[in-house]
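Structure first, commentary second.
Each ligand, and each atom within it, is numbered from 1 in the order the structure gives. Throughout, residue positions are numbered sequentially from 1 according to the sequence presented.
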Amino acid sequence: MSTPEILYMVVPCYNEEEVLHETAKRLKEKYQSLIEMELISEKSRVVFVNDGSKDKTWQIIQELHAADPAFFSGVNLAHNAGHQNAVLAGLMSVKELCDMAITMDADLQDDINTIDAMVEKYYEGNQVVYGVRSARDTDTFFKKFTAESFYKFMKVMGADVVYNHADFRLMSRRVLAELANFKEVNLFLRGMVPLIGFQSCSVYYERAERFAGESKYPLKKMLAFAINGITSFSTKPLKLITTVGIVMSILSVIAFIWAFIVKIAGHSELGWSSTMCSIWLIGGLQLLGLGIIGEYVGKIYAEVKQRPRYIIADFINDTDADI
Ligand code: UDP
Ligand code: MG
């Protein structure tokens, strides 16, 4: 193999003071073994992105950097921009410093030992390597069920995502340069990366339990994330409204004929229940249709404003520090 290339890990952190030390320790061990095996260059770094945490997360990142500037770097966002934006902020900060970048959650749910396989796949010529969960035994039934339904629903709704792949992935410098050209504000990285193309592959790992702390993705955020994923990547729901509209129109013609027959048969007082039902049904469908359209209008509103997706307050990275 030629000279080992530079790997940057991008780790988004939101209120992760409980896990950060452990994550840093394990990543350092992993890096040391990868450097020893000459799989990655000594210039490789781990970049923690502090996503506007309310606890000591940024302080810990600064301490890690001060103690080991040749290893740990940090990006401090000015406010909580959300997981996807935090990942992008990190990737965009390092895109010209590294040959490849891996994004990984801070909570150690993604298996660090998969990094070896990812890096090897990169040397085999893959520009994107997806980390895919082979089992979800450690997730609660609820998390497993909602997450798996999410992937299936995404497919049905026409957004092309890799099944059971979250945001644990390796991307090459080339892919990062292309990703920089995606200017959308409503970020959904796992839909965007497959759109970039290039040679890609998957590696499989078992997802562990969160090392410490609680999930930063409560049901509300998860739902918002799923709706964003669908409406950012597919116009199928809009087309669905048309289909439902057509079906309803046909049904109402049948209902009309039925009502007419009942009328001439002389049972016209029958009308009350069917009228009530159809009022509720049509009203409900109209509101649903409006809601879906509203979702897209809101999205267009956010996109035309072109606000920055994140604001970086500090970037501490010492590329010259000695090992
Ligand atoms: N995260 C973030 N900003 C947020 C919410 C979460 O940067 O607003 C980070 C969090 O620190 C973690 C990752 O995103 O590293 C995934 O979050 P979490 O593990 O809570 O989600 P889950 O695994 O439960 O889906
Ligand atoms: Mg997690």
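Here is the list of ligand 1 atoms found below 4.0 Å of a heavy atom in Arg207: 23 (O). The contact set between ligand 1 and Cys13, taken as ligand atoms under 4.0 Å from a residue heavy atom, comprises 7 (O), 11 (O). For ligand 1 and Gly82, the ligand atoms under 4.0 Å from any heavy atom of the residue are 3 (N), 8 (O). Near Ser215, the atoms of ligand 1 lying under 4.0 angstrom from a non-hydrogen atom of the residue are 20 (O), 21 (O), 22 (P), 24 (O). Every atom of ligand 1 is numbered from 1 in the order shown, and the set under 4.0 Å from a heavy atom of Ala106 is 15 (O). For ligand 1, the atoms closer than 4.0 angstrom to any heavy atom of Glu16 are 10 (C), 11 (O), 12 (C), 15 (O).
Between the side chain of Asn228 and the backbone N or O of Leu187, at least one donor-acceptor pair lies under 3.5 Å. With Arg45 contributing its side chain and Tyr8 its backbone, the two residues share no donor-acceptor pair below 3.5 Å. Distance alone, capped at 3.5 Å, is enough to place a donor-acceptor pair between the Glu17 side chain and the Lys56 backbone. A donor-acceptor pair under 3.5 Å is absent between the side-chain atoms of Asn15 and the main chain of Ser53, judged by distance alone. The backbone N or O of Glu184 lies less than 3.5 Å from a partner atom in the side chain of Arg309, making a donor-acceptor pair.
Protein heavy atom nearest atom 3 (N) of ligand 1, with residue, atom name and distance: Asp51 OD2, 2.6 Å. In this structure, atom 14 (O) of ligand 1 lies nearest to the protein heavy atom His83 CD2, 3.1 Å. Nearest protein neighbour of atom 25 (O) of ligand 1, counting heavy atoms only, is Lys143 NZ, 2.9 Å. Closest protein heavy atom to atom 21 (O) of ligand 1: Tyr217 CD1, 3.3 Å. What sits closest to atom 1 (N) of ligand 1 on the protein, heavy atoms only, is Tyr14 CB, 3.6 Å. Scanning all protein heavy atoms for the shortest distance to atom 23 (O) of ligand 1 gives Gln109 OE1, 2.8 Å. Atom 18 (P) of ligand 1 has Arg210 NH2, 3.5 Å as its closest protein atom, hydrogens excluded (heavy atom only). Of all protein heavy atoms, the one closest to atom 20 (O) of ligand 1 is Lys216 N, 2.3 Å.
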Salt bridge (Lys or Arg N to Asp or Glu O under 4.0 Å) between Lys299 and Glu303, worked out: CA-CA 6 Å; Lys299 211 138 257 189; Glu303 294 295 348; over 6 Å; no
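Using modelled atom types, one finds no donor on one side chain facing an acceptor on the other under 3.5 Å when comparing Asn76 with Gln62.
Contact annotation for Asp105 and ligand 1: heavy atoms of both the backbone and the side chain come within less than 4.0 Å of the ligand. Counting heavy atoms closer than 4.0 Å to ligand 1, residue Asn80 contributes side-chain atoms (C-beta onward) but none from N, CA, C or O.
A 4.5 Å side-chain heavy-atom check between Asp318 and His65 finds at least one atom pair inside the cut-off. Here the side chains of Phe211 and Asp107 are not in contact, with every heavy-atom distance at 4.5 Å or above. Here the side chains of Arg133 and Phe168 are not in contact, with every heavy-atom distance at 4.5 Å or above.
Assignment of Lys221 to the shell around ligand 1 is supported, since a heavy atom sits closer than 4.0 Å.
Using cut-offs of 30° and 60° for the angle between ring planes, the Phe150 and Phe188 rings count as perpendicular.
At a threshold of 4.0 Å, the pair Asp110-Arg207 counts as salt-bridged, since one of the basic side-chain nitrogens sits closer than that to a carboxylate oxygen. Ion pairing of Glu22 with Arg26 is present here, as a side-chain N (NZ or NE/NH1/NH2) and a carboxylate O approach within less than 4.0 Å. Under the 4.0 Å criterion applied to side-chain N and carboxylate O atoms, Asp116 and Lys30 are assigned as salt-bridge partners.
Any N or O atom pair closer than 3.5 Å counts here, and Asp107 shares at least one such pair with ligand 1.
Listed by chain and number, the protein atoms of type N/O/S under 2.8 Å from the Mg ion (ligand 2) are Asp107 OD2, Gln109 OE1; waters are omitted.
Membership of the apolar cluster around Leu238 extends to Ile241, Leu288, Ile292, Ile293, Tyr296, Val297, as traced through chained side-chain contacts below 4.5 Å between ILVMFWY residues.
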